Amino acid sequence: MKLSCPVITSSSDCVLLGHGSGGRLSHQLVREVFYPAFRNDLLDQDHDGCVFHSDTSKLAFTTDSYVVNPVFFPGGNIGDLAVNGTVNDLACCGAKPMVLSAGFILEEGFSLDHLKKIVGSMAEAARKAGVRIVTGDTKVVERGHGDGIFINTSGIGAVSPGVDIRPANVRPGDVVICSGFIGAHGICILSSRESLGFETEIKSDTTALYGLVAALLTSIDEIHVFRDPTRGGIGTTLNELAGAANVEIEIDEAGLPVSAPVRAASEILGLDPVYIANEGVLLVILPEQFAEKALSVMRNFPEGEHAVVIGHVVSSGQSLVRMKTYYGGSRIVSMLHGDQLPRIC
């Protein structure tokens with residue numbers, strides 16, 4: 001098995017694999033290259049998408065690209081991953097997903113049978129999520145220049161009046177709820193890529209989360225943030241939220257929902273589950289008074305049946321994520337520096 005880790009550096013003159021990790025290098029790229037060029041009030045929302053007003057309604061818009069390797073894996077493939085990922089980004093803006101676009105970059109020689117399976121899985125995922133794929137584009141590059149297939153999906157959703165979901169809303173006294181077991185997607189991709197052959201097959205958790213989000217929005221009076229912790233895992237995602245709201249978040253290591261197979265695989269591979277990617281996990285941050293009701297709502301859904309409180313927002317004035325360890329001490333959970341698992345989404 002050949003594993004590689006890109007050099008962790010802040011002064012490279014070229015793009016590194018770590019720039020696609022969702023961690024510190026990704027944020028550096030965004031802050032130093034993209035934000036200065038594109039800066040505007042909608043981009044400054046610093047969310048999974050942007051929420052904006054049209055003449056008669058409030059909408060959310062998001063886009064994402066998928067380069068996962070391998071393109072087929074236990075529990076899904078690049079197609080349903082692309083649909084679910086964009087649906088979830090809209091849901092995390094508090095929006096009901098409505099329509100998607102699908103852009104394909106195909107490499108000459110890619111199997112048409114594989115393409116049909118991928119497109120079919122996209123259609124099924126869209127049907128389950130209640131969205132339509134209404135426009136798209138296809139480009140083909142020369143053999144050896146595209147690694148099979150890359151997909152971009154963009155989406156538009158509708159935000160109901162009164163819904164205000166954004167990272168800046170997080171405040172001291174809030175609790176952090178995680179909808180279920182973490183780390184399954186990242187370990188699944190690594191196992192499939194390297195043919196590790198764990199005794200228990202670990203499947204990706206890719207799924208659409210809007211049903212769960214809609215139920216929470218209907219049932220809970222005040223929700224501050226939804227976020228799906230994909231690249232960089234919950235550790236990096238919580239750092240993003242702490243930075244956006246300038247708060248300190250404390251999570252409890254003993255309370256983190258990690259399945260036995262993922263925990264065992266992580267220990268064997270020397271990986272920390274808090275940094276492993278997820279594709280069907282939802283983080284919810286809301287006032288503590290609503291925590292029990294939120295847990296009750298979430299546990300009525302398959303993707304939320306293992307929902308637990310994993311932490312609290314303890315103070316404001318500094319951006320920090322801290323973990324209370326099994327042994328009673330604490331450690332800083334920094335943003336992921338490099339890339340534990342390249343090409344996971």
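These numbers were taken from a predicted model, which means no experiment stands behind them.
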salt_bridge(D80, K128) N-O dist < 4.0 Å: no

Pair T63-N152, side-chain donor/acceptor within less than 3.5 Å: yes

Looking at R193 and R343, would you say the former's side chain and the latter's main chain have a donor-acceptor pair under 3.5 Å? yes

CA sep, side-chain torsions, deciding dist, call: T230, N278, side-chain contact (heavy atoms from CB on, under 4.5 Å): CA-CA 5 Å; T230 53; N278 314 275; 5.9 Å; no

More than 12 heavy atoms of other residues, nucleotides or ligands under 6.0 Å from OH of Y327: yes or no? no

What verdict does the salt bridge (Lys or Arg N to Asp or Glu O under 4.0 Å) test give for D164 and R166, after you've listed the backbone C-alpha separation in whole Å, the side-chain angles of each residue and the deciding distance to 0.1 Å? CA-CA 6 Å; D164 181 24; R166 51 194 172 98; 2.8 Å; yes

Option passing side chain to side chain contact (heavy atoms under 4.5 Å, CB included) with R322 (candidates V314, L238, I251): V314

Under 3.5 Å, side chain of S266 to main-chain N/O of V262, donor-acceptor pair present? yes

Provide the closest heavy-atom pair for L286 versus I223 in the form atom of the first, atom of the second, distance. CB-CA, 4.1 Å

Find the distance between NE2 (H114) and CG (L106) and round it off to the nearest 0.5 Å. 13.5 Å

Closer than 3.5 angstrom, by distance alone: can the side chain of N77 be matched with the main-chain N or O of F73 as a donor-acceptor pair? no

Do other residues, nucleotides or ligands put more than 12 heavy atoms under 6.0 Å from E124 CD? yes

In the structure I gave you, are the side-chain heavy atoms of F226 and L282 within less than 4.5 Å of one another anywhere? yes

Under a single-linkage definition using a 4.5 Å side-chain heavy-atom cutoff for Ile, Leu, Val, Met, Phe, Trp and Tyr, are L241 and L320 assigned to the same hydrophobic cluster? no

Would you call E248 and P172 a side-chain contact if the rule is heavy atoms closer than 4.5 Å? no

Examine the side chains of D174 and H312 and answer whether a donor and an acceptor come within less than 3.5 Å of each other. no

Distance-only, no hydrogens or angles: does the E305 side chain make a donor-acceptor pair with backbone N or O of R299 under 3.5 Å? no

Min side-chain heavy-atom separation P257-I310 under 4.5 Å: yes

pair L81-V68: side-chain heavy atoms closer than 4.5 Å: yes

Would one find more than 12 heavy atoms of other residues, nucleotides or ligands at under 6.0 Å from atom NZ of K58? yes

Lys/Arg N to Asp/Glu carboxylate O, D272 vs R331, below 4.0 Å: yes

Hey, mind stepping through R171 and E222 against salt bridge (Lys or Arg N to Asp or Glu O under 4.0 Å) and telling me if it holds? CA-CA 12 Å; R171 61 189 61 138; E222 185 178 355; 3.3 Å; yes

Taking the side chain as C-beta and beyond, is there a heavy-atom pair between L256 and V274 under 4.5 Å? yes

Donor-acceptor contact below 3.5 Å, side chain T236 vs main chain L336: yes

Identify whether V141 and L112 are in the same connected component of the hydrophobic contact network (ILVMFWY, side-chain heavy atoms under 4.5 Å). no

Between F110 and V67, is there a shared hydrophobic cluster once you connect ILVMFWY residues whose side-chain heavy atoms come closer than 4.5 Å? no

Do side-chain atoms of N40 reach the backbone of F38 as a donor and acceptor pair under 3.5 angstrom? yes

Measure the spacing between CG of N169 and NE2 of H224 and express it to the nearest 0.5 Å. 6.0 Å

ILVMFWY cluster, I149 and V140 together (side-chain gap under 4.5 Å): yes

Would you confirm whether D89, through its side chain, and T62, through its main-chain N or O, come within 3.5 Å as a donor-acceptor pair? no

Stepwise side-chain contact (heavy atoms from CB on, under 4.5 Å) check, I165 with V159: CA-CA 10 Å; I165 303 296; V159 182; over 6 Å; no

With the side chain counted from C-beta on, respond yes when I133 and V83 share a heavy-atom pair under 4.5 Å apart, and no when they do not. yes

Are E250 and K324 within salt-bridge range, i.e. N to O under 4.0 Å? no

Sidechain N-carboxylate O distance under 4.0 Å for D137, K139: yes

Start with the C-alpha gap between L90 and V131, add the side-chain angles, then the distance that decides, and say whether side-chain contact (heavy atoms from CB on, under 4.5 Å) holds. CA-CA 11 Å; L90 289 171; V131 298; over 6 Å; no

For the backbone of V163 and the side chain of S160, can you confirm whether one donor and one acceptor N or O come within less than 3.5 Å of each other? no

Could you tell me whether the side chains of N84 and T207 share a donor-acceptor contact shorter than 3.5 Å? no

Got a donor-acceptor contact below 3.5 angstrom from the E108 side chain to the E142 backbone? no

Hydrophobic cluster membership, I105 vs M122, 4.5 Å side-chain cutoff: no

Quick check: does any side chain N or O of E107 sit under 3.5 Å from a backbone N or O of G144, one acting as donor and the other as acceptor? yes

Just do the side-chain contact (heavy atoms from CB on, under 4.5 Å) check on I187 and L271 with the steps written out, would you? CA-CA 9 Å; I187 293 296; L271 301 176; 4.1 Å; yes

